[in-house]
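Here is the structure we will look at.
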Protein chains: 2
Amino acid sequence: MSQHHDHGHCIASAMDTAKKLCEQQGARLTPVRRRVLELIWQNHKPIGAYELLPQLAADGFNSAPPTVYRALDFLLELGVVHRISSLNAFIGCDQPGLSHPTGFFICKECGNATELPAKHLTKLAQALEAELGVSIESGSHELSGLCSSCRTAA
Amino acid sequence: MSQHHDHGHCIASAMDTAKKLCEQQGARLTPVRRRVLELIWQNHKPIGAYELLPQLAADGFNSAPPTVYRALDFLLELGVVHRISSLNAFIGCDQPGLSHPTGFFICKECGNATELPAKHLTKLAQALEAELGVSIESGSHELSGLCSSCRTAA
DNA sequence: GTAGAATTGCAATATTATAACCTAAGGGTA
DNA sequence: TACCCTTAGGTTATAATATTGCAATTCTAC
Ligand SMILES: [Zn+2]
Ligand SMILES: [Zn+2]
Ligand SMILES: [Zn+2]
Ligand SMILES: [Zn+2]
């Protein structure tokens with residue numbers, strides 16, 4: 001996770017991609033869905049569903065659990081957000097649009113989560129399919145430790 | 001997951017290993033901890049904490065959530081049980097005693113979970129550490145699809 | 001035996017997620 | 001436009017998972 005990136009650009013780019021994906025698929029990026037995606041990107045770290053609720057409320061949106069879970073389900077389905085189950089949290093996808101195996105490295109110090117390069121995950125899946133005789137359809141990889149910045153600081 | 005294994009042996013062997021690990025570490029395999037581990041192995045599929053409660057109650061144990069969560073925490077710490085966070089469930093460890101990266105393949109058809117060979121997971125972790133400049137301390141890999149039996153059946 | 005530590009019992013509560021049911025809004029078609 | 005149908009959102013309640021806090025007990029070391 002780079003510390004010095006243009007974060008406004010991050011968000012704008014993610015919103016733009018989501019809009020395009022919706023148009024391609026005939027899906028509707030409604031105000032609440034759009035706002036949830038913005039909040040997830042503004043946060044830029046894994047964020048829990050219940051942390052989103054007050055932020056939605058502050059914007060005048062309805063803020064009951066089903067509202068945010070529905071929006072999250074939509075965004076997950078669209079492929080612009082991932083769920084990190086070991087944290088019960090959600091984060092924006094780096095490479096939305098491309099269907100790809102998902103995994104994250106989460107720094108236990110700073111909390112930042114970096115999406116893992118799909119290349120390695122695909123390779124692992126192939127090796128496991130060959131060795132176990134299974135067919136893998138989906139998966140998630142959640143690793144934890146110190147990111148390079150936090151390692152340097154320590 | 002082999003369908004034709006001596007399941008009684010599975011359980012006995014797991015209990016024996018747990019006992020030895022406790023002796024080595026000066027930890028206490030108390031009745032409720034022992035029973036929780038037995039129940040997990042008897043089930044032989046990922047099992048939720050709240051599924052264990054009534055089974056404990058049937059044996060005359062206290063059966064409030066903290067009881068089972070404490071036992072699970074102890075067994076996780078001891079390394080004889082793993083948590084599968086995408087299922088909010090627990091399962092016995094294949095290679096207890098050896099500290100190893102953990103991952104599972106879970107068949108979406110039959111529900112069986114197979115622990116992934118550590119070799120591949122270690123290799124992935126090393127590749128990611130090199131590429132991302134991070135240091136990985138723990139991780140979990142949860143894959144889903146069809147196991148070889150269910151593939152054949154389908 | 002006694003002090004200190006670990007374990008358990010117990011009640012309450014926190015956190016995360018979904019169900020059920022109804023209303024409102026969009027979108028195509030005659 | 002009027003109609004119908006589908007999707008999305010509002011609202012209330014509840015389910016499912018997990019933890020906190022404190023008192024009582026049991027174990028262990030001395
Ligand atoms: Zn992604
Ligand atoms: Zn960090
Ligand atoms: Zn294991
Ligand atoms: Zn199967």
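A note on names: the letters A, B, ... follow the listed sequences, proteins ahead of strands, and every chain is numbered from 1. Predicted model only: the values in this text are computed from it and were never measured.
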message = Without decimals, in angstroms, what is the distance between A/Leu29 CG and C/dG26 P?
response = 14 Å
inquiry  = Tell me the interatomic distance from A/Ile84, atom CD1, to C/dA17, atom C1', rounded to whole angstroms.
reply    = 18 Å
remark   = Atom CG of A/Leu53 and atom P of C/dT16 are separated, to the nearest Å, by 11 Å
Five-pair end axes of the helix from C/dG1-D/dC30 to C/dA30-D/dT1, angle between them (10°) = 30°
request  = Let me know the distance between CD1 of A/Ile47 and C1' of C/dT16, rounded to the nearest Å.
outcome  = 14 Å
inquiry  = Listing request: all ring pair (Phe, Tyr, Trp, His ring centres under 6.0 Å) pairs with a residue in residues 117-139 of chain A, at least two apart in sequence or in separate chains.
reply    = none
query = Do B/Trp41 and B/Leu72 share a hydrophobic cluster (ILVMFWY, side-chain heavy atoms under 4.5 Å, transitive)?
reply = yes
Atom pairs under 3.5 Å: protein N/O with N/O of nucleotides 6-9 of chain D:
from, atom 1, to, atom 2, distance (Å)
D/dA8, OP1, A/Arg33, NH1, 3.2
D/dA8, OP1, A/Arg33, NH2, 3.3
D/dA8, O5', A/Arg33, NH2, 3.3
D/dG9, OP1, A/Thr30, OG1, 2.6

query = Taking CG from A/Leu76 and C1' from C/dT18, how many angstroms apart are they, rounded to a whole number?
reply = 15 Å
Could you pull out every donor-acceptor pair under 3.5 Å between side chains of residues 56-71 of chain B and any protein atom, sequence neighbours left out?
from, atom 1, to, atom 2, distance (Å)
B/Asp59, OD2, B/Arg35, NE, 2.4
B/Asp59, OD2, B/Arg35, NH2, 3.1
B/Asn62, ND2, B/Thr67, OG1, 2.5

request  = Go through the structure and list residues passing ring-ring contact (aromatic ring centres under 6.0 Å, His included) with A/His82, not counting sequence neighbours.
outcome  = A/His100, A/Phe104
inquiry  = Can you confirm whether A/Cys22 sits close enough to A/Leu78 that some side-chain heavy atom of one is under 4.5 Å from a side-chain heavy atom of the other?
reply    = yes
Could you go through nucleotides 13-18 of chain D and list every protein N or O atom that sits under 3.5 Å from one of its N or O atoms, giving the distance for each pair?
from, atom 1, to, atom 2, distance (Å)
D/dA18, OP1, B/Arg83, NH1, 2.6
D/dA18, OP1, B/Arg83, NH2, 3.0
D/dA18, OP2, B/Tyr69, OH, 2.7
D/dA18, O5', B/Tyr69, OH, 3.2
D/dA18, N7, B/Tyr50, OH, 2.4
D/dA18, N6, B/Tyr50, OH, 3.4

query = Are side-chain heavy atoms of A/Ile106 and A/Lys45 found at a separation under 4.5 Å?
reply = no
query = Given side chains that start at C-beta, do those of B/Ile91 and B/Ile84 come closer than 4.5 Å, heavy atoms only?
reply = yes
task = Report yes or no: do A/Ser140 and B/Glu142 form a side-chain donor-acceptor pair below 3.5 Å?
result = no
query = Do A/Glu131 and A/Leu128 come close enough that some side-chain heavy atom pair is under 4.5 Å?
reply = no
request  = Find the distance B/Leu78:CG to C/dT7:P and express it as a whole number of Å.
outcome  = 11 Å
task = Take atom CZ of A/Phe61 and atom P of D/dT11, then tell me their distance rounded to the nearest Å.
result = 14 Å
inquiry  = For a 4.5 angstrom cut-off between non-hydrogen side-chain atoms, does B/Arg33 reach B/Arg28?
reply    = yes
message = Could you tell me if the side chain of B/Leu116 sits less than 4.5 Å from the side chain of B/Leu143, heavy atoms only?
response = yes
